[in-house]
Amino acid sequence: MTLTGFQTEQFQHDLLYWFERNLRDLPWRKDRDPYKIWVSEIMLQQTRVDTVIPYFERFMQRFPSIDRLAEADLDDVIKQWEGLGYYSRARNLHAGVKEVQENYAGKVPDEPDKILEIKGIGPYTAGAILSIAYDKPEPAVDGNVMRVLSRILHIEDDIQKAKTRKRFEAAIREIISVENPSFFNQALMELGALICSPKSPKCEYCPVVGHCRAKKLGIQELLPVKGKAKPPKPLEMKVALLDRAGKILIRKRPEQGLLAGLWELPNVEGTVDQLLDHLHAAHHISGQIRGKRMEYQHTFSHLQWKMEVYEIEVDELDSSVGEVWVARSELDQYSFPVAFQKILAETNPTCK
DNA sequence: AAATCGTGGAG
DNA sequence: TCTCCAAGATT
């Protein structure tokens with residue numbers, strides 16, 4: 001690391017002085033309960049602060065402590081997570097608090113090696129909990145920190161690459177405030193969120209612009225270096241809307257993979273005929289197409305569902321495991337991906 | 001190392 | 001409208 005000439009102590013002072021006067025009043029900053037820090041950090045992964053706030057408030061009312069979350073049903077936890085995305089976060093968090101309950105008597109460990117073994121806690125979250133809740137001088141390198149430091153220290157490594165994070169962690173260990181690692185880490189992230197933004201960074205308001213090598217070179221807009229994401233892959237999807245005596249057929253998705261454990265309308269990747277075949281094979285339902293009800297497109301990070309929704313007339317009906325006939329008024333007891341929430345709302349006759 | 005895993009907001 | 005992307009972890 002090339003920190004020659006970098007005024008570390010002055011940087012720490014400038015950064016912390018600014019943070020103490022500009023930190024946002026966020027619900028997970030009311031105290032330093034490691035559990036709350038933990039939940040907030042998981043929710044904040046790849047998710048905006050404004051989106052997280054209402055979820056965090058509700059989650060804490062429902063699961064105020066580690067033991068309350070550990071004893072909860074996974075389906076209830078997923079329900080609280082509904083709409084937030086990346087649902088494995090909720091599953092891992094639930095598994096994680098159970099680990100803490102069993103292995104650490106319900107207390108979040110304060111050692112890197114131990115906390116890193118907990119499900120769902122990776123290098124960033126470990127460092128965040130250790131520094132924010134326990135005052136340990138550990139790096140917490142997220143996207144903000146990499147963006148800010150890439151500019152301050154003029155680091156041109158591609159932040160999409162896996163090994164790059166380690167270089168930033170090494171840099172943080174050189175410059176972190178041992179007196180206040182909690183504020184230091186939070187300040188770097190706050191600076192990235194409020195001032196040192198991805199596009200059009202507000203350098204005129206930056207408390208540490210005097211330390212910024214990229215600004216000195218006039219290349220702050222070109223950093224950090226980041227490879228382009230590849231476009232989502234289109235997927236033709238046929239969706240079945242089965243209405244029987246006011247109840248519709250839903251089913252639970254597998255416990256692993258995309259949208260794990262959430263509910264959905266029966267569907268196939270393929271043709272309408274394949275949809276009917278599937279209803280017969282998987283749900284023991286004989287039916288015929290009544291007509292196309294609607295089309296809907298939903299784009300994920302890596303997938304694009306091109307959905308066609310068909311109303312289906314049920315001729316014969318047998319029962320099957322993992323499916324439920326449910327009245328529309330009872331749908332709110334189940335967790336649905338946003339794509340199916342939209343379809344269910346659009347096709348709701350009482351709602352239009 | 002590169003893919004997988006969601007969603008809604010901003011420009 | 002479209003692209004990028006926001007306090008990443010897992011495999």
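To find a chain, count down the sequence lines: A is the first, B the second, and so on, and within it residues start at 1. The model shown is predicted, which means the values in this text are computed figures rather than measured ones.
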*Any side-chain heavy-atom pair of Pro181(A) and Glu138(A) under 4.5 Å*: no
*Is the shortest side-chain N to carboxylate O distance from Lys342(A) to Glu346(A) below 4.0 Å?*
no
*OP1, OP2 of dT10(C) versus side-chain N and O of Tyr86(A): anything below 4.0 Å?*
no
*Side chains of Glu82(A) and Gln341(A) in contact at under 4.5 Å (non-hydrogen atoms)*: yes
*Give the nucleotide from the list dG8(C), dT4(B), dG8(B) with an atom nearest to the side chain of Lys230(A).*
dT4(B)
*Rounded to whole angstrom units, what separation is found between the CG atom of Leu93(A) and the P atom of dC5(B)?*
20 Å
*Rounded to whole angstrom units, what separation is found between the CD1 atom of Ile159(A) and the C1' atom of dA6(C)?*
12 Å
*Heavy atoms under 4.0 Å, any strand shown: does Trp28(A) hit a base, just sugar-phosphate, or nothing?*
base
*OP1 or OP2 of dA6(C) under 4.0 Å from side-chain N/O of Arg147(A)*: yes
*Could you say whether Ser301(A) or Pro123(A) is positioned toward the 5' end of DNA chain C, judged by the nucleotide with the nearest heavy atom to each?*
Ser301(A)
*Considering only dG8(B), dT10(C), dG8(C), which nucleotide approaches the side chain of Asn92(A) most closely?*
dT10(C)
*Looking only at side-chain N and O atoms, does Lys199(A) come under 4.0 Å of OP1 or OP2 in dT3(C)?*
no
*Sugar-phosphate only, base, or nothing, as touched by Leu262(A) at under 4.0 Å among non-hydrogen atoms*: nothing
_side chain to side chain contact (heavy atoms under 4.5 Å, CB included) partners for Ala126(A), two or more places apart_ = Ile115(A), Leu116(A), Ile121(A)
_Minimum-distance nucleotide (side-chain atoms of Pro337(A) versus dA1(B), dT7(B), dA6(C))_ = dT7(B)
*asked:* So, taking the atom named NZ in Lys136(A) and the one named CG in Asp110(A), what distance separates them when rounded to the nearest 0.5 Å?
replied: 4.5 Å
_Comparing Ile118(A) and Met189(A) on DNA chain C - which has the more 5′ nearest nucleotide_ = Met189(A)
*Is any side-chain nitrogen or oxygen of His302(A) closer than 4.0 Å to OP1 or OP2 of dA2(B)?*
no
*Would you mind classifying the nucleic acid contact of Leu84(A) as base, sugar-phosphate or nothing, using non-hydrogen atoms under 4.0 angstrom?*
base
_From dT7(B), dC5(B), dG8(C), nucleotide with atom closest to Leu258(A) side chain_ = dC5(B)
*Spell out yes or no: do the side chain of Thr47(A) and the base of dG6(B) have one donor N/O and one acceptor N/O closer than 3.5 Å?*
yes
*If you check every side-chain atom of Arg48(A), which of dG9(B), dA1(B), dG8(C) has the closest atom?*
dG9(B)
_Phosphate OP1/OP2 of dG11(B) contacted by Ser200(A) side-chain N/O (<4.0 Å)_ = no
*asked:* Does Thr51(A) reach a base, just sugar-phosphate, or nothing at all? Heavy atoms under 4.0 Å.
replied: nothing
_Rounding to an integer number of Å, can you tell me how far Met43(A) CE sits from dT7(B) P?_
15 Å
*Basic-acidic side-chain contact under 4.0 Å: Lys30(A), Asp25(A)*: no
*Closer to the 5' end of DNA chain B via nearest nucleotide, is it Phe336(A) or Asp50(A)?*
Phe336(A)
*For Leu303(A) and dT7(B), give me the distance from atom CG to atom P, rounded to whole Å.*
11 Å
*Nearest-neighbour nucleotide for the Lys226(A) side chain, dC5(C), dG8(C), dT4(B) considered*: dC5(C)
*Within the structure shown, what part of the strands sits under 4.0 Å from Arg253(A) by heavy-atom distance: base, sugar-phosphate, or nothing?*
nothing
*Does a side-chain N-to-carboxylate-O contact under 4.0 Å join Glu190(A) and Arg29(A)?*
yes
*dC5(C) and dG6(B): how far apart are their C1' atoms, nearest whole angstrom?*
13 Å
*Would you indicate which nucleotide in dA9(C), dA1(B), dG6(B) comes nearest to any side-chain atom of Tyr124(A)?*
dA9(C)
*How close or far is atom P of dT7(B) from atom OH of Tyr296(A), stated in whole angstroms?*
9 Å
*Could you pick out which residue, Gly257(A) or Lys161(A), lies toward the 5' side of DNA chain B when each is mapped onto its nearest nucleotide?*
Lys161(A)
*Expressed in angstrom and rounded to an integer, what is the separation of Phe340(A) atom CZ from dT7(B) atom P?*
10 Å
_Any N/O donor-acceptor pair, Thr125(A) side-chain to dG8(C) base, under 3.5 Å_ = no
*Take the protein atom CD of Glu41(A) and the nucleotide atom P of dG8(C), then report the distance between them rounded to whole Å.*
9 Å
*Please report, rounded to the nearest Å, how far the C1' atom of dA6(C) is from the OH atom of Tyr55(A).*
15 Å
